[in-house]
Amino acid sequence: MSASATTGLHTGQPRSRVDGHAKVTGAAKYAAEFTASGLLHGVVVSSPIAKGRITKLDITAAMAVPGVVEVFTHQNRMRTAWRNAKFQDEVAPPGAPFRALYDDKIVYSGQPIALVVAETFELARYVATLVHAEYDIEAPSTDLRAVRGSAYVPSKKRSGINPPPKPRGDAPGVLADSQIRVDAEYYQPAEYHNPMEPHASTVIWEGGGKITVHDKTQGVGNTQAYITNVFGLKKDDVHVVAPYMGGGFGSGLRPQYQLYLTVLATLQLERSVRVVLTRDQMFTFGHRPETIQTVSFSARQDGTVTAIRHEAIAETSTFEDYQEVVVNWTGLTTSCENVELDYKLVQLDRYTPADMRAPGAPTGQFAFESALDEMSYKLGIDPIELRLRNYAETDENQGLPHTSKALRDAYRLGAEKFGWAGRNPQPRSTCEGHELVGWGTATGAWDAQMQKTSASATLTPDGKLTVATASADIGTGTYTILTQLAADALGLSMEAVTTKLGDTDLPFSPLEGGSWTAASAGSAVQAACCKVRSALLGFAQEMPSSPFKDVTLDQVDFKEGRLVLRNNPGIGVAYGDIMQASGLEQIHMEESAARDPAVQKTHASYTHSAVFAEVRVDEELGTVRVTRIVNAICAGRILNPKTARSQIIGGVVFGIGMALHEEALDDSKIGRFMNHNFAEYHIPVNADIQDIEVIFVDEPDDMTSPIGVKGLGEIGICGTAAAIANAVYHATGRRVRDLPITIDKLL
Amino acid sequence: MNRFSYARPDTLTAAIQALAHPGARAIAGGTNLIDLMKYSVEVPSQLVDITHLPFAKIELLPDGGLRVGALVKNTDAAYDARIGESYPLLADAILSGASPQLRNAATTGGNLLQRTRCYYFYDTATPCNKRQPGSGCSAIGGTNRVHAILGTSADCIATHPSDMCVALAALEAVVQVSGPEGDRSILFSDFHRLPGAEPDKDTSLQPGEIITSVDLPAQHFSSNYTYLKLRDRASYAFALVSIAVALEMEGATIKAARIALGGVAHKPWRVPAAEEALAGQTPGSEVFGKAADLMLAGAQGQPGNRFKIALARKAIVRALKQAANGTPQHATDKQIQ
Ligand SMILES: Cc1cc2nc3c(=O)[nH]c(=O)nc-3n(C[C@H](O)[C@H](O)[C@H](O)COP(=O)(O)OP(=O)(O)OC[C@H]3O[C@@H](n4cnc5c(N)ncnc54)[C@H](O)[C@@H]3O)c2cc1C
Ligand code: SF4
């Protein structure tokens with residue numbers, strides 16, 4: 001099915017969210033909003049220490065309070081699966097996944113040590129303070145800089161994550177002989193996802209060993225598989241329903257410990273239970289890993305990059321080897337014959353890091369795009385020009401051509417919109433009042449992927465269509481784009497289409513993540529709708545004296561609820577009439593879509609961006625304002641410019657946070673992040689956000705996915721922090737290589 | 001959160017009685033106290049809801065000053081016409097703090113009595129002398145970006161986080177309180193304390209005492225003033241350093257000056273010598289720099305907050321310029337004047 005088949009009234013047009021009304025009126029239900037009669041409430045008790053053993057865990061006082069149903073600990077919990085493999089979810093890195101209440105060992109600060117279950121939430125919260133624990137404390141190791149010497153190359157690769165490519169050419173040799181070099185070290189602190197909705201699970205005991213699970217998850221299938229594996233349940237006994245999510249950013253990819261605890265309590269008590277994590281507890285699991293990077297690269301006077309070495313040392317936990325792609329982007333976006341990329345891990349006494357919006361990409365791009373910028377000043381070559389001179393026509397890491405790459409256009413269009421041509425190349429050249437003004441740029445890149453996904457389409461005689469897949473809309477607009485695609489495929493209004501998501505009873509979909517959902521779920525929905533089209537034509541041909549007898553699919557159109565002849569649209573029949581003639585109550589079709597495996601072998605596919613930033617720095621006081629961002633995005637076909645723009649703006653805001661605000665502050669004496677709340681862990685507020693302009697660059701791509709889509713969820717953050725840091729340099733002449741760029745670093 | 005009983009007296013006498021109950025705590029807007037209860041930092045046996053007491057008015061005092069009732073919401077104070085006209089420094093300081101939602105709930109009295117934002121104070125997993133006397137100070141040698149550089153002790157390096165109080169200190173407000181022993185007036189500079197060996201005591205308020213109002217003296221510095229707040233994002237963050245300046249100008253000469261610093265000490269920081277040094281001077285970088293040095297005399301940083309000393313020095317100079325030029329910083333300005 002070609003992309004053109006879906007062009008119509010809605011697809012490609014700016015459309016408001018179909019779920020917007022439900023969300024603002026509170027009709028959209030989130031994990032913690034489902035309820036059941038006799039629902040019990042669980043509150044998690046967290047470990048104050050980062051490493052050691054529980055020597056005493058006294059729940060007597062807690063159990064003595066009327067209304068307390070149970071206090072679960074490692075001593076009284078039911079048995080669950082024994083093998084590590086059973087705990088490994090769809091995106092688990094190699095290792096032994098964390099198990100809550102497993103034994104007396106404490107492996108990170110904030111680890112759950114008990115779950116108090118009581119008749120009311122308030123009671124459970126109070127009783128949680130009565131659980132008395134004593135510990136044998138060991139000194140934790142959470143200072144990445146101090147233990148970077150212990151870095152190792154992970155022995156087992158994480159599925160879906162490409163390790164750095166083999167070195168090409170002779171980077172060390174060329175670097176050693178080069179006069180024009182940049183050598184620098186960069187630091188990225190740990191960051192937390194901080195979705196608005198805290199992690200929560202409501203598990204409803206349906207009787208007879210069956211449960212319905214409402215979980216904050218980016219994949220109901222992943223949640224279901226985890227529960228069946230860990231608790232030895234049958235798939236039919238575990239129905240997962242999670243239609244909405246209040247932001248995920250990757251935090252809902254892996255099943256989090258509140259899910260395990262809630263299911264455990266439900267099964268053991270045979271009663272419905274809800275557990276909601278506190279905002280502080282949102283800082284007790286996966287996070288963007290703290291990472292130290294070193295970059296060395298050399299260039300000729302004409303700007304040709306001659307050799308690159310880029311190494312990242314990132315934290316992981318003591319129990320899993322979390323991996324993400326940090327350094328490969330360097331070899332992808334810059335054409336160079338001599339490249340050596342390294343990625344190593346250091347174990348810290350923390351929870352395993354987790355994928356967070358474009359995991360690895362903005363981290364690696366901050367380092368290398370900063371280094372490129374530094375080189376541009378050394379050489380006296382405009383930063384965009386330098387990037388163009390080293391433009392990678394192909395993916396040199398894999399030695400593959402791109403399915404599409406319109407990055408040149410992005411540089412040009414972004415620069416025009418931004419007014420880049422008017423830039424004075426001298427740092428510190430523009431001053432307005434107390435403020436130095438600086439302009440910077442950087443390139444962003446992210447994978448364009450498609451995952452095998454199934455969907456159904458059900459048409460009823462009243463002309464209403466329901467499309468469904470198990471995938472999730474984590475706030476990105478999936479409901480809306482699927483509705484647009486389906487409406488166009490069958491020539492219906494968007495109001496005539498209902499989209500269902502987030503339910504394990506629906507056709508299979510992988511996790512929502514990696515920016516692959518629009519391409520994957522969109523293609524599957526379109527394929528299912530195409531089957532409905534074929535069926536409609538088939539049934540129409542069977543109608544008495546049918547005008548469609550000898551007509552093929554490309555000779556008809558599906559318009560305004562009718563099947564019509566393309567060359568004579570006056571002749572047609574309503575879907576309802578076709579179905580009535582055949583005595584059908586509905587036409588229900590299911591279909592799967594996947595990326596063409598041949599293309600996967602022969603082509604690489606990425607989204608790209610050119611980010612331009614303007615900052616104003618009060619040099620005396622060290623404050624930075626990001627007054628303007630232009631982000632030119634190459635992401636294939638844009639299904640809905642309105643929701644797409646929101647995605648990019650959200651990503652840019654994330655990038656501003658990364659550049660200026662976000663940092664989990666570690667007290668390495670006790671191995672604990674201390675600013676575990678919204679008052680002290682800073683993300684940008686409205687006052688930090690000024691002009692953000694998004695440009696979607698025309699980038700036809702018929703290879704990445706059947707519908708021409710490459711994905712948008714992550715590309716907005718990619719390169720943004722680097723562009724801001726580069727603008728700060730242009731403004732002030734000061735290169736900040738430690739994120740975030742706070743006042744103290746510019747004083 | 002612990003279990004507690006709840007009372008809502010209608011009269012001051014009844015409220016004072018209720019507060020005599022051991023472990024009782026007054027609750028006004030609740031924006032700080034409830035958070036602290038959720039963290040089990042505060043575990044009151046009884047909450048005495050004082051919001052039905054008659055202290056929600058702003059009144060003119062006979063001497064021309066203003067009486068701001070203890071229950072006046074921060075928002076109502078900030079947008080009060082009389083305050084806007086006569087004490088714009090106070091309005092700007094209030095508006096630079098927290099968020100509109102919080103200011104709508106927070107009260108004058110509560111603002112004075114809000115507790116420090118030291119990370120450890122809020123986290124019962126860690127030792128903290130202020131929360132649990134004698135347990136130790138985790139911030140010393142720990143994470144101390146937001147901590148004090150002036151007036152610290154070996155037992156505590158916390159700051160008082162309020163913005164409003166910095167303006168009140170510069171304006172030399174007077175805190176009116178009532179308690180079991182009767183009424184008394186406390187000069188603003190005597191209200192908050194330094195931590196010393198008793199960091200659990202934030203103020204000189206005695207157990208059972210209620211703040212009834214904060215009185216603003218008649219002299220009001222409404223032309224040459226500023227509240228400059230520096231923080232880790234443009235809004236909705238506590239001050240790393242803040243400066244309230246009020247100048248009385250006579251032509252081009254400074255007749256009298258008031259400077260108070262926030263975010264740097266356990267109380268709004270005033271240094272009479274610095275203010276005196278400005279009196280009779282013509283505004284200028286050198287004069288301002290000297291005042292800044294006097295303000296910061298004895299400042300001592302920790303590894304995480306040493307930058308505050310340099311930042312405060314520059315910010316004091318800038319704030320003095322703003323005030324002298326009559327170009328005050330407004331809470332909604334994105335750019336620093
Ligand atoms: C996220 C966040 C950000 C914030 N940012 C800022 C900021 O940037 N700048 C700033 O200045 N503030 C900030 N605040 C603090 C806010 O200003 C205070 O929480 C508020 O002023 C407290 O007032 P309240 O009436 O809610 O006090 P409550 O929480 O009701 O009480 C606080 C304390 O005062 C006592 N109390 C209250 N009234 C009286 C009285 N009349 N007599 C005796 N005792 C009394 C209570 O017993 C309690 O101990 C922030 C708060 C939050 C939660
Ligand atoms: S600085 Fe004060 S409040 Fe903070 S940990 Fe030390 S004693 Fe506690």
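Not measured: the values here are computed from a predicted model. Numbers restart at 1 for each chain; the letters A, B, ... are given by sequence-line order, proteins then strands.
- Residue contact with chain B, scored on non-hydrogen atoms closer than 4.5 Å, involves the side chain of A:V65 exclusively.
- Proximity to chain B (any heavy atom under 4.5 Å) is restricted, for A:I689, to the backbone atoms N, CA, C and O.
- Residues A:A679 and B:R117 approach most closely at CB-NH2, 3.9 Å, considering heavy atoms.
- Chain A forms the most heavy-atom pairs under 4.5 Å with one residue out of B:T143, B:D35, B:V317, B:N305, and that residue is B:T143.
- Interface remark: A:R625 contributes side-chain atoms only to the contact with chain B (heavy atom separation under 4.5 Å).
- When each of B:K314, B:R145, B:K334, B:R306 is checked for heavy-atom pairs under 4.5 Å with chain A, B:K334 comes out on top.
- Of all residues spanning residues 122-134 of chain B, those with a heavy atom less than 4.5 Å away from chain A's heavy atoms are B:D123, B:A125, B:T126, arranged by number.
- For A:I670, the part sitting under 4.5 Å from any heavy atom of chain B is the side chain, from C-beta outward, and nothing else.
- At a threshold of 4.5 Å between non-hydrogen side-chain atoms, the residues A:E432 and B:Q335 do not count as touching.
- For the pair A:R125/B:K38, a side-chain contact is recorded, criterion being any heavy-atom separation below 4.5 Å from C-beta on.
- Using a 4.5 Å cut-off between heavy atoms, A:E435 contacts chain B through its side chain alone, with no backbone atom that close.
- With rounding to the nearest 0.5 angstrom, the CE atom of B:M37 is 12.5 Å from the OH atom of A:Y126.
- Of the two parts of A:D618, only the side chain, counted from C-beta on, holds a non-hydrogen atom closer than 4.5 Å to a non-hydrogen atom of chain B.
- Only the backbone of A:D666 comes within contact range of chain B, with heavy atoms under 4.5 Å apart.
- Within the 4.5 Å cutoff, no side-chain heavy atoms of B:I336 are placed close to those of A:H434.
- Closest of all the heavy-atom pairs between B:D232 and A:H661 is O-CD2, 3.1 Å.
- Heavy atoms of A:R672 lying under 4.5 Å from chain B belong exclusively to its side chain.
- Residues A:D667 and B:Y119 have side chains that never bring a donor and an acceptor to within less than 3.5 angstrom of each other.
- Residues A:T129 and B:N2 have side chains not in contact (no heavy-atom distance under 4.5 Å, counting atoms from C-beta outward).
- For A:E122, no part sits under 4.5 Å from any heavy atom of chain B, backbone or side chain.
- Side-chain contact between B:R231 and A:T623: absent, with no pair of heavy atoms (C-beta onward) separated by less than 4.5 Å.
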